[in-house]
There are 4 protein chains.
Amino acid sequence: MFSVNPSDPTPIYAQLDRGIRAAIATGQLRTGDRLPTVRQLAVDLKVNANTVAKVYAELERAGVLATQRGVGTTVRDTAEDLVSRTSKAERESTLRLLADKLLADAYAIGLTIDEVIRHLEARRA
Amino acid sequence: MFSVNPSDPTPIYAQLDRGIRAAIATGQLRTGDRLPTVRQLAVDLKVNANTVAKVYAELERAGVLATQRGVGTTVRDTAEDLVSRTSKAERESTLRLLADKLLADAYAIGLTIDEVIRHLEARRA
Amino acid sequence: MFSVNPSDPTPIYAQLDRGIRAAIATGQLRTGDRLPTVRQLAVDLKVNANTVAKVYAELERAGVLATQRGVGTTVRDTAEDLVSRTSKAERESTLRLLADKLLADAYAIGLTIDEVIRHLEARRA
Amino acid sequence: MFSVNPSDPTPIYAQLDRGIRAAIATGQLRTGDRLPTVRQLAVDLKVNANTVAKVYAELERAGVLATQRGVGTTVRDTAEDLVSRTSKAERESTLRLLADKLLADAYAIGLTIDEVIRHLEARRA
DNA sequence: GTGGTCTAGACCACG
DNA sequence: GTGGTCTAGACCACA
């Protein structure tokens, strides 16, 4: 479900954080869904349990996940007022910047915009 | 020309490395072009000069840049050279991480994957 | 400057977090002041460096501290709009609740309100 | 009568333990008074019954409460008994932690130490 | 068995 | 020498 590349210079916890947020963005994870346990995900990703726990804790502080001691971790009410906080024009200009960055990085390793789009379409829930 | 985000958990050296490679890949920098001096770029990016120097040195070792005493640092590689050094597996893993980052950032401002795809499709033309 | 009681059931990191916030509240720490290094404070408090680092990181995310990699940690612009976010009536009723809690806990170990006041006065910068 | 804050990092059992001791110290509970049943209190506080049971058991071991089969749990100690079991050093260390918590919470809503002291002085009368 | 806290200690990024 | 990341592994709170 998630993946992590230990040889990428981006810290593992940041990769996982983004991976979980991306899974929510694509609809792969929905409000109320349970995430793997800390220890299970650590085993799956071949990563230390503390690293996973740190990510879950950060996402809880950020309001993305909810954890109940002794029970588990679930996806929280999301997308509440995310939209309303940013104006449409602002969102579009930010999206342009984000996409610029992605495309530049993708080009640098030999990927075309078509391949990028194909990848994203494959991830749409 | 390049930019660096100190609050992104990705190490600054990695951001700069990717930025330079991306500039070459997208044709903003061509073979023979001169890069800013280490000190100048450090000032521009508000980054320690050692960090810039390390990136230049690393890119020189990788054959992407060339340093000539008294002349400065120039682009050695072409975009194709860059690409040919990246394996298919590496490309796919990196694409996933890049897409995760885009999706996570986009979601944080209230954009869905569909809007992201639509934006990219509009730019394909 | 700070103190921590390992036998108190409150997690050490939470004690230290509160201690630092309290030091700012009392004026003992002011905007721009440098905090002890992670390792130094760890030695002083007889606590693991990771525990201190976790607190600094949390306070940075909360906007209370600012850290520069390789440099150190300082107190950030504080008290900006804390006041304006809460109405006066709300603040007073919250203060009453907070004080209730403190006094009840203090009574339970045999402290009078006068002793509590004396302690707070001694900590006023 | 008691309250518990699940988002406070202080363990729930510790919050409840302090709450019961505080209720005795402030005279809300007197020797011989009956406490709610474990299950009732668990429901009221939205807490697991095991947690409440452990606190009652711990307070019984400490001589603060007494459990009689078929009757329930009652207060055994007086406020003085509670106090006499706390050493001076412990009292001072705890007072500092309690004050840190109050100051940190107060500051978070924009109150200064002076306002806190003024509030407490007004309640002394 | 779940998540939370803490320690010890290694290695890295950065100044 | 500064903070940041990660690991391994212990112990605790809670359901």
Side-chain angles (χ1 to χ4, degrees), chain A residues 4 6 8-17 34-42 45-58 60 65-74, chain B residues 4 6 9-17 42 45-55 58, chain C residues 4 6 8-17 34-42 45-58 60 65-74, chain D residues 4 6 9-17 42 45-55 58:
Chain A
V4 135
D8 189 284
T10 305
I12 293 172
Y13 83 89
Q15 293 182 39
L16 181 54
D17 178 304
R34 268 191 71 178
L35 278 89
T37 68
V38 169
R39 286 164 173 83
Q40 187 55 51
L41 188 51
L45 299 178
K46 291 170 189 157
V47 149
N48 189 279
N50 286 335
T51 304
V52 177
K54 176 180 178 175
V55 173
Y56 280 18
E58 249 174 46
E60 192 186 7
L65 300 181
T67 80
Q68 288 175 281
R69 289 196 261 207
V71 177
T73 305
T74 53
Chain B
V4 139
T10 305
I12 289 169
Y13 87 93
Q15 293 183 45
L16 183 53
D17 179 301
L45 299 178
K46 289 170 190 161
V47 151
N48 190 284
N50 286 337
T51 305
V52 177
K54 274 189 191 168
V55 172
E58 165 63 29
Chain C
V4 135
D8 189 283
T10 305
I12 292 172
Y13 83 89
Q15 293 182 39
L16 181 54
D17 178 304
R34 270 190 70 178
L35 277 90
T37 68
V38 168
R39 286 164 171 83
Q40 187 55 52
L41 188 52
L45 298 178
K46 290 170 191 158
V47 149
N48 190 279
N50 286 336
T51 305
V52 176
K54 176 180 177 176
V55 172
Y56 280 18
E58 250 175 46
E60 191 186 8
L65 301 181
T67 80
Q68 288 175 281
R69 287 196 262 208
V71 177
T73 305
T74 53
Chain D
V4 138
T10 305
I12 289 169
Y13 87 92
Q15 293 183 45
L16 183 54
D17 178 302
L45 298 179
K46 291 170 188 158
V47 151
N48 191 284
N50 286 337
T51 305
V52 177
K54 275 189 190 168
V55 172
E58 165 64 28

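Note: hydrogens, waters and symmetry copies are ignored here, and every other heavy atom, side chains too, is used.
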Would you kindly give the [atom1]-to-[atom2] distance between [X] and [N], to the nearest whole Å?
X	N	atom1	atom2	answer
C/Gln15	E/dG4	CD	C1'	15 Å
A/Leu41	E/dG4	CG	P	14 Å
A/Glu58	E/dG4	CD	C1'	15 Å
C/Leu16	E/dC6	CG	C1'	14 Å
C/Gln68	E/dG15	CD	P	9 Å
C/Arg34	F/dG3	CZ	C1'	11 Å
C/Ile12	F/dA10	CD1	P	19 Å
C/Gln40	F/dT2	CD	C1'	13 Å

In the strands shown, is F/dT5 matched to any nucleotide by a Watson-Crick or G-U wobble pair with both distances under 3.5 Å, and which?
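Its partner is E/dA10 (Watson-Crick or G-U wobble, both distances under 3.5 Å).
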Where the side chain of [X] is concerned, which of [options] is the nearest nucleotide?
X	options	value
B/Asn50	F/dA15, E/dG15, E/dG3	E/dG15
A/Pro11	E/dA13, E/dT7, F/dT5	F/dT5
A/Glu60	E/dG4, F/dT7, E/dA13	E/dG4
B/Tyr13	F/dT5, F/dG4, E/dA13	E/dA13
A/Thr37	F/dT5, E/dT5, E/dG3	E/dG3

Toward the 5' end of DNA chain F, by each residue's nearest nucleotide, A/Ala14 or A/Arg69:
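Nearer the 5' end of the strand: A/Ala14.
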Closest nucleotide of DNA chain F for C/Thr73 versus for A/Thr10: which of these residues is on the 5' side?
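Result of the comparison: C/Thr73.
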Indicate, yes or no, whether a donor-acceptor pair under 3.5 Å links the base of E/dG3 to the side chain of A/Arg39.
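Pair found.
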Are any of [X]'s side-chain N or O atoms less than 4.0 Å away from OP1 or OP2 of [N]?
X	N	result
C/Lys54	E/dT5	yes
C/Thr67	F/dG4	yes
C/Thr51	E/dT5	no

Heavy-atom side-chain contact between [X] and [Y] under 4.5 Å:
X	Y	result
A/Leu35	A/Leu65	yes
A/Leu16	A/Leu41	yes
A/Lys54	A/Tyr13	yes

Let me confirm one number: the CG-CD distance from B/Asp17 to B/Glu58, rounded to the nearest 0.5 Å.
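It comes to 6.5 Å.
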Quick one: pull up CG in C/Asn48 and CZ in C/Arg39 and give me the separation to the nearest 0.5 Å.
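So the gap between those two atoms works out to 10.5 Å.
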Toward the 5' end of DNA chain E, by each residue's nearest nucleotide, B/Asn48 or A/Val71
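Looking at the nearest nucleotide for each, A/Val71 comes out on the 5' side.
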So among C/Thr37, C/Thr73, C/Val47, which one has a side chain to side chain contact (heavy atoms under 4.5 Å, CB included) with C/Val52?
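The side chain to side chain contact (heavy atoms under 4.5 Å, CB included) with C/Val52 is passed solely by C/Val47 among C/Thr37, C/Thr73, C/Val47.
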